[in-house]
Chemist: 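One structure is given below, represented as structure tokens, and several questions about it will come after.
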There are 2 protein chains.
Amino acid sequence: MSPKIIDKDAKKKLIVQAAMQVFSQKGVAKAKMIDIAKAAGIGKGTIYEYFRSKEEIFNEAFNAMFSDMDTMLNDVLQDTEDPMQKLILIIGITLDYHEKDGGEFAGVMMDFWAEGIRTKNEEVLNTINLKQIYEQYRTMISQIVREGIEKGIFKAVDPTAFAAITIAALDGLFLQIIMEPNIINIKNVKDTFTETLLAGLLCKKEDTILGGTK
Amino acid sequence: MSPKIIDKDAKKKLIVQAAMQVFSQKGVAKAKMIDIAKAAGIGKGTIYEYFRSKEEIFNEAFNAMFSDMDTMLNDVLQDTEDPMQKLILIIGITLDYHEKDGGEFAGVMMDFWAEGIRTKNEEVLNTINLKQIYEQYRTMISQIVREGIEKGIFKAVDPTAFAAITIAALDGLFLQIIMEPNIINIKNVKDTFTETLLAGLLCKKEDTILGGTK
DNA sequence: ATATTATTACCGACCGGTCGGTCATGTAAA
DNA sequence: TTTACATGACCGACCGGTCGGTAATAATAT
């Protein structure tokens, strides 16, 4: 009566994983379904038992990635009350995350960005919403900065702008690392990066750079 | 004897411009030749009178963009001897450049990055070489930082790492601006950005952030 | 002036390859 | 034998690039 039973969820993950590999190597647009199938060691048709379309695989990969990241960040933030320490942890976690799965994340991130950029704001794209993710991220960091300012630890910078710049710098560094892993690797620049970025928060100098020189 | 004569170069530029528009809206992969033709107000076949392939248009756009940027930067750097001022100018120019042609540059940059990332290091891609461009950029900035340190104006940071981070931050901010022009626009964050990034260079504090807290 | 003609510029129907997605035909477990 | 699962040959939409034909221009001939 009961037939062959396989773990559907496990197979779905397998396919997503294979897709991530192919996506990161070729880019989503150039990744063929047959490539994904081969990478997963299954037939092309089988993919369609688990996903409706290539788009759906892409969405699944996207969501998996960010919910994972989100969990890690929230876990880590429990560890300390010190705002500076929190920022250091966020930066560390974010940078380290990019090395996950042999840097697969990296290549695909490009396509997430591309997709995010070209998504019209009005259209509610119910699956992928990179903008929303960025907003959460921004809120998280600006909240910490505000906390630091209130506690008198940080200089009174604009928390939102600072958050935006922190995220920007992280993304950009990420981009550099993807592009030139030999020249710029995480271990080398992580500390300098953290120092450079956060120095401005502690530096109490009254005369600003722009005001001083211009 | 003499036939219809038109300005081939002008038309080439027209096509590149139209292509840039379409590329930035749809992405290079999804941009159809017919879209480019329509945007340029010409027939599809005509494009092939001026370019061999879509790839060639992409390359042309890429080169035009960066040689333009390069010229602007070199011009501006003549204006001052002060290292801090030089850095401020570089940041300003780079950020402003992204608003050129109604932000068209922005969308296409995504594809340049994607292309750059997926270009194998070994293969000499004779037309597009984003990595080389980044190297020049990095050299330029690290040179200025080195200058500043020698003159005793800057703290003794690692010039190369600082250059990498500056470029990273610029790229990342750029990415943010593309994604959320309403929230993060250049005029709003330019100053905070410059302040935040360059603060670390002047701040003479001996105890480092990482050393102090960890 | 006006017609002729050589040459260039332009065009879009068409071709051929590609690839996402389907489905008829399996196969293996129970 | 039944039923879930797997597959790859096949289909057809799509799109980059081609090509034969047409329009525009200007030198030349009338």
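Letters A, B, ... are given to chains in the order of the sequence lines, protein chains preceding strands, and every chain is numbered from 1.
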Chemist: Whole angstroms only, please: what is the NZ-C1' distance between Lys8(A) and dA6(D)?
Modeler: 11 Å
Chemist: For Lys32(A), check side-chain hydrogen bond (donor to acceptor under 3.5 Å, both in side chains) against everything at least two apart and list the hits.
Modeler: none
Chemist: Within the pair Thr46(B) and dA9(C), is there a side-chain N or O less than 4.0 Å away from OP1 or OP2?
Modeler: no
Chemist: Which is true for Ile47(A) with a 4.0 Å heavy-atom rule: it touches a base, it touches only sugar-phosphate, or it touches nothing?
Modeler: nothing
Chemist: Who passes side-chain contact (heavy atoms from CB on, under 4.5 Å) against Asp7(A), sequence neighbours left out?
Modeler: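 If we apply the side-chain contact (heavy atoms from CB on, under 4.5 Å) test to Asp7(A), skipping adjacent residues, the hits are Asp9(A), Ala10(A).
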Chemist: Who are the side-chain hydrogen bond (donor to acceptor under 3.5 Å, both in side chains) partners of Asp70(A), not counting sequence neighbours?
Modeler: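 In terms of side-chain hydrogen bond (donor to acceptor under 3.5 Å, both in side chains), with neighbours along the sequence ignored, Asp70(A) is linked to no residue.
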Chemist: With sequence neighbours excluded, tell me which residues meet side-chain hydrogen bond (donor to acceptor under 3.5 Å, both in side chains) with Thr94(B).
Modeler: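 Listed in chain order: Tyr137(B).
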Chemist: Find the distance Ile36(B):CD1 to dG12(C):C1' and express it as a whole number of Å.
Modeler: 16 Å
Chemist: Tell me, please, whether Tyr50(B) has Lys8(B) positioned over its six-membered ring: NZ or CZ under 6.0 Å from the ring centre and within 45 degrees of its axis?
Modeler: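 Positive - Lys8(B) is close enough to the ring of Tyr50(B) and near enough to its axis.
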Chemist: Whole angstrom is fine here: how far is it from CD in Glu55(A) over to P in dG21(C)?
Modeler: 9 Å
Chemist: Quick test of your reading: applying side chain to side chain donor-acceptor pair (under 3.5 Å), list the pairs with at least one residue in residues 162-177 of chain B, sequence neighbours left out, ordered by first then second residue.
Modeler: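 Matches after skipping sequence neighbours: Asp171(A)-Gln176(B), Gln176(A)-Asp171(B), Tyr134(B)-Asp171(B).
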Chemist: Could you tell me how far apart Asp7(A) (CG) and dA29(C) (P) are, to the nearest whole angstrom?
Modeler: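 It works out to 16 Å between those atoms.
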Chemist: Considering only dA6(D), dC11(C), dC10(C), which nucleotide approaches the side chain of Tyr50(A) most closely?
Modeler: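 In terms of side-chain proximity for Tyr50(A), the closest of dA6(D), dC11(C), dC10(C) is dA6(D).
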Chemist: For every nucleotide of nucleotides 14-20 of chain C, 5' to 3': is a protein heavy atom under 4.0 Å from its base (B), only from its sugar-phosphate (S), or from neither (-)?
Modeler: -----SB
Chemist: Which one, dC10(C), dA6(D), dC5(D), comes nearest to the side chain of Glu49(B)?
Modeler: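 The answer is dC10(C).
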